[in-house]
Amino acid sequence: MIKDTSFFEKVYEVVRKIPGGRVSTYGHIADYLGSKGAARMVGWAMNVSHHTDPPVPAHRVVNRNGLLTGKIHFRTEDMMQKLLENEGLTICDDTVMNFEEVLWDPLKEL
DNA sequence: ACGTTGACCTATA
DNA sequence: GTATAGGCCAACG
């Protein structure tokens, strides 16, 4: 589809740029897109990312607290944690350990 | 076009 | 420190 879905495509592109072993946050992504307070928008974009191609590593996107809020939207909640652990991250109580160290900010990295 | 929703964030009690 | 309320922007029904 050549037709871009505005912010959605932007969100997908940014999330796809997230390197392995790193995680990003909705607020920072929204801020990178220009809509600072549209953090909810980013999450919604992830919701439709299921029919997006190429697929978006939504499991690398967590909330401001590093909490895996969107894990419930996956096929299985444990899958998101498993994927993050597979990236080399440490998840404890549905929260990313060393979150600040693995945090990948598009504004800083890009 | 209006109202509701949505994987959030910030502030106040 | 935890709980609740409001606000934010954009898409969906």
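Residue numbers begin at 1 in each chain, while the letters A, B, ... track the order of the sequences. In this text the structure is predicted, and so the values were computed from the model without any measurement.
- Straight-line distance from the CD1 atom of A:I72 to the C1' atom of B:dC8: 13 Å, rounded to whole Å.
- In this structure, CG of A:N65 is placed 14 Å from C1' of B:dA7, rounded to the nearest angstrom.
- Between A:K10 atom NZ and C:dA11 atom P there is a gap of 10 Å when expressed in whole angstrom units.
- Residues satisfying the side-chain contact (heavy atoms from CB on, under 4.5 Å) criterion with A:P19, sequence neighbours excluded, are A:R22, A:W104.
- Atom C1' of nucleotide C:dC12 and atom NE2 of A:H51 are separated by 11 Å, given to the nearest angstrom.
- Between the P atom of B:dT10 and the CG atom of A:N63 lies a distance of 10 Å, rounded to the nearest Å.
- A:I18 CD1 to A:I29 CD1: the interatomic distance, rounded to the nearest 0.5 Å, is 5.0 Å.
- In this structure, A:D94 places its CG atom 16 Å from P of B:dA7, rounding to the nearest Å.
- Across all strands, A:A58 comes closer than 4.0 Å to base atoms (heavy-atom distances).
- Relative to the six-membered ring of A:F74, A:K71 misses at least one condition, a distance below 6.0 Å or an angle of at most 45° to the axis.
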N/O-N/O pairs, protein side and nucleotides 4-6 of chain B side, under 3.5 Å:
from: B:dG6; atom 1: N7; to: A:R40; atom 2: NH2; distance (Å): 3.3
from: B:dG6; atom 1: O6; to: A:R40; atom 2: NH1; distance (Å): 3.3

Requested in this report: Test side chain to side chain contact (heavy atoms under 4.5 Å, CB included) on A:Q81 and A:E85 and set out the steps.
Outcome: CA-CA 6 Å; A:Q81 180 175 338; A:E85 289 179 327; 3.5 Å; yes
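- If you take CD1 of A:I29 and P of B:dC9, they are 10 Å apart, rounded to a whole angstrom.
- In the set B:dC9, B:dA7, C:dA10, the nucleotide with an atom closest to the side chain of A:S49 is B:dA7.
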Query - Step-by-step side chain to side chain contact (heavy atoms under 4.5 Å, CB included) determination, A:L107 to A:D31 - result: CA-CA 8 Å; A:L107 288 173; A:D31 182 46; 2.7 Å; yes
Report task. For A:V15 and A:R60, run side chain to side chain contact (heavy atoms under 4.5 Å, CB included): C-alpha distance rounded to whole Å, both residues' side-chain angles, the deciding distance at 0.1 Å, then the answer. Result -> CA-CA 8 Å; A:V15 175; A:R60 291 179 186 164; 5.5 Å; no
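- One finds a side-chain N or O of A:T69 lying less than 4.0 angstrom from the OP1 or OP2 phosphate oxygen of B:dC8.
- Atom CZ of A:F8 and atom P of C:dC9 are 16 Å apart (whole Å).
- No side-chain heavy atom of A:T69 sits under 4.5 Å from any side-chain heavy atom of A:V62.
- Listed nucleotides: B:dA7, B:dC8, C:dC9. Nearest to the side chain of A:A39: B:dC8.
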